[in-house]
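Data first, discussion second: the structure below is written as structure tokens.
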Number of protein chains: 2
Amino acid sequence: MPRSSTRQHIVEVASDLFYRNGYNRTGINEVIAESGIAKATLYNHFRSKDEICIAYLQYKHEVFVKDIKAYCDTRPANGRQVLAIFDFLEAFFQDRDFNGCWCIKTVAEIPREDERIRKEIQKQKNQLINFIESLLMDIKDEDERRDTARQIYLLYESAVSESHLHQADWPITSAKAIASKIIG
Amino acid sequence: MPRSSTRQHIVEVASDLFYRNGYNRTGINEVIAESGIAKATLYNHFRSKDEICIAYLQYKHEVFVKDIKAYCDTRPANGRQVLAIFDFLEAFFQDRDFNGCWCIKTVAEIPREDERIRKEIQKQKNQLINFIESLLMDIKDEDERRDTARQIYLLYESAVSESHLHQADWPITSAKAIASKIIG
DNA sequence: GACAAAGTAGACAGATCTGTCTACTTTGTC
DNA sequence: GACAAAGTAGACAGATCTGTCTACTTTGTC
């Protein structure tokens, strides 16, 4: 296996385990056993478990952005296109691998001082707000567009967390209904 | 110290530590050192760390319910009284001990199989929805009242998580603005 | 086919952390 | 003041888990 795909393979396996079972409850030994690689190989690609955590967050975000963009692209580019993000979430929720927001989960597990991870997560959330804003180009006033994007972002985030917490999809339909009201 | 207040003392100290530094990152030894009690005393009051976790969640919820009710009671009991929950949150956010939602934090840290903790958290969230509903008695239709309570609950939850995540209060003002629009 | 780079299997050091147990002391009540 | 209940200080077993290191093998390239 070429070096770059070994790294990628580790990231994918670790991501699955971290997301499913939690970062602290997934040991390095589990990652290497599941990856079928030696421990020294893992530490040849990553300096520490922390570094794998960053790669995990980036990988989840990368896949998420790709998927949600592709999903929204199938809808007509009008003022209501943004509502597609809730339909995307509904599909994600129905998937048996759904386990809430990786950012929120990870932030709860790491020490508060870990600035690298905190910054990465804030970056991801800001990119999501920007993406939502890009779907709201019907709104000509820049401040209003930004405000609306933030509001829909809040609803989306809530829908993710709460559908996971309650193990039910009413938060998704409810959030979508509010978003629909907001964009008029 | 009488038995009941020893127990209460442990719960308060453990709650501070769990909420501030996280459940998994707070060891039993830290709890007893901070409480100034012996380890055997702790295990005389609680069978396991897990049991302290339940007591922690219940204690945080109890204080929260008492405080938010008292806060909302100072406002006129009209259709807009429910908006006070966002002002309450704003005050809580300004407090330097604010550290997001203890339920979300704890759920992220415990194994998925821990049903007792999961049930406790769902119970707390349902009580919050019921409390919000009790502030919406202006809405006569029962289904509509329930729906609205859930919507405002989603906004409140989002405001808690996101103000913590972004270390900024715009999620609170933004969520309040949406809630205000919903109740008309 | 020589050689470097990458990978292997797993022992092990060292740092956690929970929960038990021991031998003893303090406190509160009759 | 006797006695039980509650608390103390801390050793220790046993179960983690991360990251290093050793001695060796495989792979890819010139």
Side-chain angles (χ1 to χ4, degrees), chain A residues 1-57 105-117, chain B residues 1-57 105-117:
Chain A
M1 208 184 302
R3 190 174 162 82
S4 68
S5 54
T6 300
R7 194 194 136 96
Q8 184 59 21
H9 177 62
I10 296 169
V11 171
E12 285 172 22
V13 169
S15 292
D16 273 3
L17 293 169
F18 289 167
Y19 184 59
R20 182 151 22 102
N21 304 326
Y23 175 67
N24 283 327
R25 271 186 319 282
T26 303
I28 285 294
N29 291 319
E30 208 180 333
V31 174
I32 62 169
E34 196 83 359
S35 305
I37 58 153
K39 195 180 278 191
T41 304
L42 185 142
Y43 281 102
N44 190 25
H45 286 275
F46 300 95
R47 257 176 303 176
S48 65
K49 195 187 172 190
D50 232 57
E51 220 167 65
I52 308 176
C53 185
I54 300 272
Y56 150 60
L57 294 173
K105 284 163 69 76
T106 305
V107 143
E109 289 202 75
I110 54 160
R112 217 189 319 191
E113 300 71 31
D114 198 323
E115 274 304 309
R116 279 167 73 217
I117 290 178
Chain B
M1 208 185 299
R3 189 174 163 81
S4 69
S5 54
T6 300
R7 194 194 137 96
Q8 185 59 20
H9 178 61
I10 297 168
V11 171
E12 285 172 21
V13 170
S15 291
D16 273 2
L17 292 168
F18 289 168
Y19 184 58
R20 183 154 18 106
N21 303 327
Y23 175 68
N24 283 328
R25 271 186 318 283
T26 303
I28 286 294
N29 291 319
E30 208 180 333
V31 174
I32 62 168
E34 196 83 0
S35 305
I37 57 153
K39 195 180 279 193
T41 304
L42 186 143
Y43 280 102
N44 190 25
H45 285 276
F46 300 94
R47 256 175 303 177
S48 65
K49 195 187 171 192
D50 231 57
E51 221 167 64
I52 309 176
C53 186
I54 300 273
Y56 150 61
L57 293 173
K105 283 163 70 75
T106 306
V107 144
E109 289 201 75
I110 53 159
R112 215 187 322 191
E113 299 72 30
D114 197 324
E115 273 304 310
R116 280 167 73 219
I117 290 178

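The sequence lines fix the lettering, A, B, ..., with proteins before strands; numbering per chain opens at 1.
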Not counting sequence neighbours, which residues clear salt bridge (charged side-chain N to carboxylate O under 4.0 Å, His left out) with Glu12(B)? List them please.
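Expected list: none.
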In this structure, how many angstroms lie between the [atom2] atom of [N] and the [atom1] atom of [X], rounded?
{"X": "Leu42(A)", "N": "dT8(C)", "atom1": "CG", "atom2": "C1'", "answer": "13 Å"}
{"X": "His9(B)", "N": "dG7(D)", "atom1": "NE2", "atom2": "P", "answer": "12 Å"}
{"X": "Arg25(A)", "N": "dT16(C)", "atom1": "CZ", "atom2": "C1'", "answer": "17 Å"}
{"X": "Tyr43(A)", "N": "dT22(D)", "atom1": "OH", "atom2": "C1'", "answer": "17 Å"}
{"X": "Glu30(B)", "N": "dC17(C)", "atom1": "CD", "atom2": "P", "answer": "8 Å"}

Which part of the nucleic acid, if any, lies within reach of Thr26(B) when heavy atoms closer than 4.0 Å are counted: base, sugar-phosphate only, or nothing?
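Answer is sugar-phosphate: Thr26(B) comes under 4.0 Å of backbone atoms only.
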Can you find a side chain N or O atom of [X] that sits less than 4.0 Å from OP1 or OP2 on [N]?
{"X": "Asn29(A)", "N": "dT18(D)", "result": "no"}
{"X": "Thr6(B)", "N": "dG7(D)", "result": "yes"}
{"X": "His45(A)", "N": "dG7(C)", "result": "yes"}
{"X": "Thr41(A)", "N": "dT8(C)", "result": "yes"}

Set of residues satisfying side-chain hydrogen bond (donor to acceptor under 3.5 Å, both in side chains) with respect to [X], sequence neighbours excluded:
{"X": "Lys105(B)", "answer": "none"}
{"X": "Asp16(B)", "answer": "none"}
{"X": "Glu34(A)", "answer": "none"}

Taking both distances under 3.5 Å as the test for a Watson-Crick or G-U pair, what stems of at least three pairs does DNA chain C have?
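When the pairs of DNA chain C are grouped into runs of at least three, the stems are C:1-30 with D:1-30.
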Closest listed nucleotide, where the reference is the side chain of Ile28(A) and the choices are dT8(C), dT18(D), dA6(D)
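Closest nucleotide among those given: dT18(D).
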Name all residues meeting the side chain to side chain contact (heavy atoms under 4.5 Å, CB included) criterion together with Ile54(A); count only those two or more places apart in sequence or in a different chain, and write none if there are none.
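Residues passing side chain to side chain contact (heavy atoms under 4.5 Å, CB included) with Ile54(A): Gln58(A), Arg116(A), Ile117(A).
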State which residues pass side chain to side chain contact (heavy atoms under 4.5 Å, CB included) with Val11(A); sequence neighbours excluded, sorted by chain then number.
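Expected list: Ser15(A), Phe46(A), Ala55(A), Tyr59(A).
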For nucleotides 9-14 of chain D, give me one character per nucleotide, 5' to 3': B if any protein heavy atom sits under 4.0 Å from the base, S if the only such contacts are to the sugar-phosphate, - if neither.
BB----
How would you list all residue pairs meeting salt bridge (Lys or Arg N to Asp or Glu O under 4.0 Å) that involve residues 41-53 of chain A, not counting sequence neighbours?
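Qualifying pairs: Arg47(A)-Glu51(A).
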Shortest non-hydrogen contact between Val13(B) and Val31(B), atoms and distance
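Taking every non-hydrogen atom into account, CG1-O, 4.0 Å.
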Heavy-atom closest contact (Asn24(B) atom, Glu109(B) atom, distance):
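Residues Asn24(B) and Glu109(B), closest heavy atoms: N-OE1, 3.0 Å.
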